[in-house]
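Read through the structure below, which is laid out as structure tokens, and then see the notes.
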Amino acid sequence: MYAQLIKADTTPSENTARAEDFQRRIDAGEKIEPKDWMPEGYRRTLIRQIGQHAHSEIVGQLPEGNWISRAPTLERKTILLAKVQDEAGHGLYLYCAAETLGISRDEMTEMLLDERMKYSSIFNYPTLTWADMGAVGWLVDGAAIMNQVPLQRTSYGPYARAMIRICKEESFHQRQGFDIMNRLANGTEAQKTMAQNALDRFWYPSLMMFGPSDSDSVHSEQNMAWKIKMNGNDELRQKFVDLTVPQAEYLGLKVPDDTLCWNEDKGGYDFAGPDWGEFFDVIKGNGPCNRERLEARRKAWDEGAWVRDGLLAHAEKKARRAAQEAA
Ligand code: FAQ
């Protein structure tokens, strides 16, 4: 099974007035806050989604971090550095939001490193050329925004509030990616080819970011009832395609899908879905860079142990002193 089945509460005690009242609050658009009563399934689902999201931001620094030292100009280097730092910040807000649900950042990190928790499939693809920095910003941040703007209205207060700032920064990321693509697409033949190759390699992995098709999505129905997720996977994927195809046309690049065509009746494009066999393989740990990404995170975690130990020792010393002074 590729998904973590999070059992929604169905015990008699939880199927009572409290659960009904909880659902009424959600339906009325109220925010749920950390100290409010919540079904155990809601809490665990949030930890799964916010935790995965946080891990994606952290692991997501690796494919771009790889290019900081090779950016073509000082200006591009500064912009990329700022973007990668933003992703680290997003990871931190999200870990904090998840911590309000009673799990620590250390526990979540351990779950990532021993593969009990996932991160987005997209970060298991390599970034081979400078144009990939354009494609990541334009397509990957573009897909992330499409998914995350609605999450600003998600039912859990700390998650919704974290998403507001994250979305503002993601729009800057998307524009800087488009700007790189625009420059390359209007550059020399070799640069245009590099941009086209990046689009060819990142198009389908970007479509996978929205998750499996609705018929294969394990969590969508319950998550949407709880407003942890605001839209179905296919709906957001369609919106992303409808928004991005004209941008590719503007760049003079070709989306690598011969079946792509405008469907007047539905008011959107018909398009080919990604190879779902490849998607499930990647999320099971067998993508092109899964091992490399986790190794990099394990190394960072191990090499940071002395910092964590030092901070803990310092906090314990301060707490001891405060207790002595109060005595
Ligand atoms: N990758 O039943 P569903 C970013 C898993 S942030 C890996 O449809 P759900 C910023 C899913 O977890 C990108 N696994 O699941 C950035 C579940 O397995 P589980 C991250 C995936 O939760 C840009 C199983 O498949 N964004 O890019 C993926 O209802 C540039 C069944 O799927 C978020 O996390 C996938 N693509 O819907 C950073 C947004 N898709 O957990 C650096 C918040 C599905 O039971 C550079 N998350 N799975 O073991 C969400 O909106 C949802 O969790 C979905 C999945 C839509 C991702």
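In listed order, ligands and their atoms are each counted from 1.
- With a 4.0 Å heavy-atom cut-off, ligand 1 is reached by the side chain of Glu64 but not by its N, CA, C or O.
- A salt bridge links Glu115 with Arg298: the closest approach of a Lys/Arg side-chain nitrogen to an acidic carboxylate oxygen falls below 4.0 angstrom.
- In this structure, Glu170 has a heavy atom closer than 4.0 Å to ligand 1.
- Looking at Gly51, Ala144, Pro212, Pro150 and measuring to atom 44 (C) of ligand 1, the nearest heavy atom belongs to Pro212.
- With a 4.0 Å heavy-atom cut-off, ligand 1 is reached by the side chain of Phe123 but not by its N, CA, C or O.
- The existence of a salt bridge linking Asp36 and Lys31 is excluded, since no basic side-chain nitrogen approaches an acidic carboxylate oxygen closer than 4.0 Å.
- For Ser69, there are no side chain to side chain contact (heavy atoms under 4.5 Å, CB included) partners at least two apart in sequence or on another chain.
- Heavy atoms of Gln148 come nearer than 4.0 angstrom to ligand 1 in at least one pair.
- The pair Glu169-Arg165 meets the salt-bridge criterion, with a side-chain N (NZ, NE, NH1 or NH2) lying under 4.0 Å from an Asp/Glu carboxylate O.
- Within the listing of ligand 1, atoms 42 (C), 46 (C) sit less than 4.0 angstrom from a heavy atom of Gly60.
- Considering both main-chain and side-chain atoms, Asn233 comes within under 3.5 Å of ligand 1 through a nitrogen or oxygen pair.
- Contact annotation: for Lys83 versus ligand 1, heavy atoms closer than 4.0 Å belong to the side chain alone.
- Taking 4.0 Å as the cut-off between side-chain N and carboxylate O, Arg43 and Glu40 count as a salt-bridged pair.
- Residues Lys229 and Ser220 bring a donor and an acceptor atom of their side chains to less than 3.5 Å of each other.
- Atom numbering of ligand 1 starts at 1 in the shown order; those under 4.0 Å from a heavy atom of Asn223 are 29 (O).
- Between Met208 and ligand 1, at least one pair of N/O atoms sits closer than 3.5 Å.
- Only the side chain of Gln49 comes within 4.0 Å of ligand 1, counting heavy atoms alone; its backbone N, CA, C and O stay farther away.
- Using modelled atom types, one finds no donor on one side chain facing an acceptor on the other under 3.5 Å when comparing Asn290 with Asn286.
- Every N/O-N/O distance between Leu151 and ligand 1 stays at or above 3.5 Å.
- If you number the atoms of ligand 1 from 1 as listed, the ones under 4.0 Å from a heavy atom of Gln52 come out as 12 (O), 19 (P), 41 (O).
- Close contacts of ligand 1 with Phe210, meaning ligand atoms under 4.0 Å from a residue heavy atom, involve 56 (C).
- Here His219 has heavy atoms under 4.0 Å from ligand 1 in both its backbone and its side chain.
- Among Ala143, Gly211, Ser120, the residue whose heavy atom sits closest to atom 40 (N) of ligand 1 is Gly211.
- On a distance-only criterion, Glu57 and ligand 1 share no N/O pair closer than 3.5 Å.
- Of all the heavy atoms of Ser121, the ones lying under 4.0 Å from any atom of ligand 1 are found in both the backbone and the side chain.
- Contacts of Lys229 with ligand 1, taken as heavy-atom pairs under 4.0 Å, involve the side chain alone.
- Between Tyr95 and His55, the distance separating the two ring centers is shorter than 6.0 angstrom.
- Of all the heavy atoms of Tyr159, the ones lying under 4.0 Å from any atom of ligand 1 belong exclusively to the side chain.
- Look at Glu99 and Arg105 and you find no salt bridge, because none of the NZ, NE, NH1 or NH2 atoms lies under 4.0 Å from a carboxylate O.
- Only side-chain heavy atoms of Asn147 come within less than 4.0 Å of ligand 1; its backbone N, CA, C and O stay farther off.
- Under 3.5 Å, the side chains of Ser104 and Glu107 contain a donor-acceptor pair of N or O atoms.
- Applying the 4.0 Å criterion to heavy atoms of Ser217 picks out, from ligand 1, the atoms 2 (O), 3 (P), 8 (O).
- Under the 4.0 Å criterion applied to side-chain N and carboxylate O atoms, Asp27 and Lys227 are not assigned as salt-bridge partners.
- In this structure, Phe202 has its ring center no closer than 6.0 Å to that of Tyr125.
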Side-chain donor-acceptor pairs of residues 306-327 under 3.5 Å, sequence neighbours excluded:
residue : atom : partner : partner atom : Å
Trp306  : NE1  : Glu303  : O            : 3.2
Arg308  : NH1  : Trp301  : O            : 3.1
Arg308  : NH2  : Trp301  : O            : 3.1

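- If you check the side chains of His53 and Tyr159, you find a donor sitting under 3.5 Å from an acceptor.
- Of all the heavy atoms of Glu87, the ones lying under 4.0 Å from any atom of ligand 1 belong exclusively to the side chain.
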